[in-house]
Amino acid sequence: MELSVDRLTKHYGRKIAVDCVSAVLKPGVYGLLGENGAGKTTLMRMLCAILESTSGEVFLDGREVTAMGADYRDLLGYLPQDFGYYPNYTAKEFLLYMAALKGIPRDIAGKRTEELLDVVGLNEAVTKKIKTFSGGMKQRVGIAQALLNHPKLLILDEPTAGLDPKERVRFRNLISDYAKDCIVMLSTHIVSDIEAIADEVLLMRKGKLVAQGSVSELTKKAEGKVWELTVSEAEASRWQEKAAVANLRHEGEKVVLRILADAKPVEEAVPCVATLEDLYLQSFNE
Amino acid sequence: MKDREFKAYLQGSMKKGENGHLEKIRETVAGCKEIMQRQRVHEEEKRTGFWQFLSDVFRFEGLSIFGLQAGVLILVCLQIGIIENVSNYIPAFTTLFALAVMPVLLRSQFYNMGEMEAVTRASGAEIILAKLILAGAANLVCITILFCLIMHLENLSESMGQIVLYGLVPYLVCMTAILRLIRLRRKERIPFCIVAPISFWFCCGISARAFPQVYEPSATGLWIILFLIFAGFFGKEIALIRKMRKEGKQYGIIG
């Protein structure tokens, strides 16, 4: 299976939300990284065929997805960034309702609903109404509904938002397991989530795809540009003004700064191993 | 080989095998499980047809659709005995039935479910069509009961044809307006989608007192023309939903 994105563009009046994005996605996990307003959600909506592009097309195995209609949606699982729910439905009723919309026969829907509620750790809250759920529990119901039809293409917009660390680990394992035969695309601001599960990272900036590659390939780009420097508190604030500081850690009376710079900022600075977060910050500091 | 036979075969092999092979067999079992899991994922699953989908929508939405219509019917029936010139108020009554469909049609937008529902196999157009069929059925039952009741209880000078026209024209106006608003307006404009039909209902109520001449037998021609016009608009809107459903498109603006 191959999803090809060909020069996909979306304009909202004069504003360019997505600017000529092209990519070829094969089974695996793709992490979409970018600051707020970078065009991640718009891109995902166009991939789901719920938003018409200004120009460009999306193909699944050579077939244009909007022309595929229900056949395409049948292969699709989607978790929107801000999704609602019918407050009077229980988790089980909600999933059964979504299963009905996905055209899943009742007998299969019943079994799958139970399986998925178990997978997302909501088997004890099956009969509770969604309006009584915490944010994380609602998010897990959202993830479960996206998986109902065994999608071949799973698009998750900020899936880990609101999940506690334990649930994030559970989610990451679930997705890693799932992505063996499917294309999974997820966007998140939590870089560590992407680092942990993404086979490939797509970095978006101002609607453009600025970098694409595996975590190791991308972090290589930031190698030799990340430095650690131990300074006093007074100096730390001066450094924050004049350099790109990725992290700041207090050690006794001293402060350890993680600085992003093309060249060694001062003699005392020590080079350190670059992470995806460093690349992310470097890309958006430019 | 069936699952059970396969498991027994592997267990047998494990018992027979030397200790050194156990790890290999465990690996094989894990590998087989994985293959079976993949096969399950790749199996072509059956999908329900439109009538099964309609029955599913009825299961989830039926109570609210029929409940609201029944509620309106009771309310209207209570008014029939109190007000004079009931036939002049028929437009307001039938508009009320159309208004009672709105919560069901606008539900997904109101609860921000539109985006999630739009990527399902059913698509927005199919969901709206299913809801309209159910709501139409409920409307048909309730409005027929209303007409029969009016004809039975009141000694009306109007013919059944006039009563039907007084009822159908505003109903069609209201339903067409609701559908067009859902199709063309963004979800942020939901209040407008609600206010516009309610204002129309209010105008129907006012016209009963302010313009009684509209309900004279001499105005029947006007009602027939209006009926033809709005039946045309309504039919066009339904045809559009059917076309969108066939093409698997969304109904309304999602993103």
Side-chain angles (χ1 to χ4, degrees), chain A residues 10 41-42 44-52 66-89 93-94 96-109 112 130 142 145-146 148-153 155 157 177-178 180-182, chain B residues 33-35 37-61 63-64 103-104 107-128 130-131 187 243-255:
Chain A
K10 180 71 188 177
T41 298
T42 307
M44 286 184 150
R45 282 176 169 175
M46 286 192 286
L47 292 182
C48 290
I50 50 171
L51 185 65
E52 245 176 78
T66 50
M68 284 174 74
D71 289 341
Y72 179 63
R73 292 195 300 275
D74 212 15
L75 303 171
L76 195 63
Y78 177 51
L79 174 73
Q81 188 177 12
D82 299 308
F83 66 93
Y85 55 90
Y86 295 135
N88 285 321
Y89 280 0
E93 282 168 345
F94 180 78
L96 287 173
Y97 173 72
M98 290 307 293
L101 300 190
K102 288 174 188 242
I104 301 169
R106 280 182 204 178
D107 50 339
I108 300 173
R112 195 155 304 155
I130 302 181
Q145 69 75 31
L148 268 170
N149 54 331
H150 282 329
K152 304 280 183 288
L153 173 61
I155 296 178
D157 201 353
D177 216 28
Y178 196 81
K180 281 171 190 156
D181 312 282
C182 313
Chain B
K33 272 186 184 171
E34 197 179 313
I35 290 165
Q37 177 71 26
R38 280 188 200 177
Q39 278 173 345
R40 262 209 298 273
V41 169
H42 281 290
E43 264 172 27
E44 278 287 318
E45 228 174 48
K46 274 185 188 172
R47 291 288 179 251
T48 54
F50 182 71
W51 298 108
Q52 179 61 48
F53 173 67
L54 189 66
S55 137
D56 282 330
V57 174
F58 178 75
R59 190 157 57 106
F60 289 101
E61 307 273 9
L63 191 66
S64 50
V104 180
R107 199 167 166 227
S108 59
Q109 281 98 325
F110 186 79
Y111 287 112
N112 202 15
M113 282 281 294
E115 209 175 335
M116 209 185 260
E117 289 182 353
V119 290
T120 61
R121 185 180 173 79
S123 88
E126 191 159 330
I127 298 168
I128 286 280
K131 285 179 179 177
K187 70 177 180 195
K243 186 172 168 266
M244 285 174 151
R245 185 219 152 212
K246 232 176 191 174
E247 291 168 359
K249 286 186 177 171
Q250 311 309 329
Y251 191 78
I253 299 164
I254 306 291

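Residue numbers begin at 1 in each chain, while the letters A, B, ... track the order of the sequences. Computed from a predicted structure; not experimentally measured.
Here the side chain of A:Arg73 pairs a donor or acceptor atom with the backbone of B:Arg121 at under 3.5 angstrom. B:Asn112 places a side-chain N or O within donor-acceptor distance of the main-chain N or O of A:Asp82, the cut-off being under 3.5 Å.
In this structure the side chain of B:Ile127 reaches within 4.5 angstrom of the side chain of A:Leu101, judged on heavy atoms. Looking at heavy atoms from C-beta onward, A:Arg106 lies in side-chain contact with B:Ser55 at the 4.5 angstrom threshold.
One distance of note links CE of B:Met116 with CE of A:Met98; it measures 6.0 Å at 0.5 Å rounding. Atom-to-atom distance recorded for B:Arg47:CZ and A:Ile108:CD1 is 7.5 Å, nearest 0.5 angstrom.
Interface summary for chain A: among B:Glu61, B:Arg107, B:Glu117, the most heavy-atom pairs under 4.5 angstrom belong to B:Arg107.
Other residues, nucleotides and ligands contribute only 12 or fewer heavy atoms inside 6.0 Å of the CD atom of A:Glu52.
Judged as a salt bridge (charged side-chain N to carboxylate O under 4.0 Å, His left out), and not counting sequence neighbours, the contacts of B:Arg59 are B:Asp56. By the ring pair (Phe, Tyr, Trp, His ring centres under 6.0 Å) test, A:Tyr97 is found to be paired with A:Tyr86, A:Tyr89, B:Phe60, residues two or more places apart in sequence or in another chain being considered.
The two residues A:Pro87 and B:Tyr111 have their closest heavy-atom pair at CD-CE2, 3.3 Å. In this structure, B:Val119 and A:Cys48 approach most closely via the heavy-atom pair CG1-CB, 3.7 Å. Here the closest non-hydrogen pair linking B:Lys46 and A:Pro105 is O-CD, 3.3 Å.
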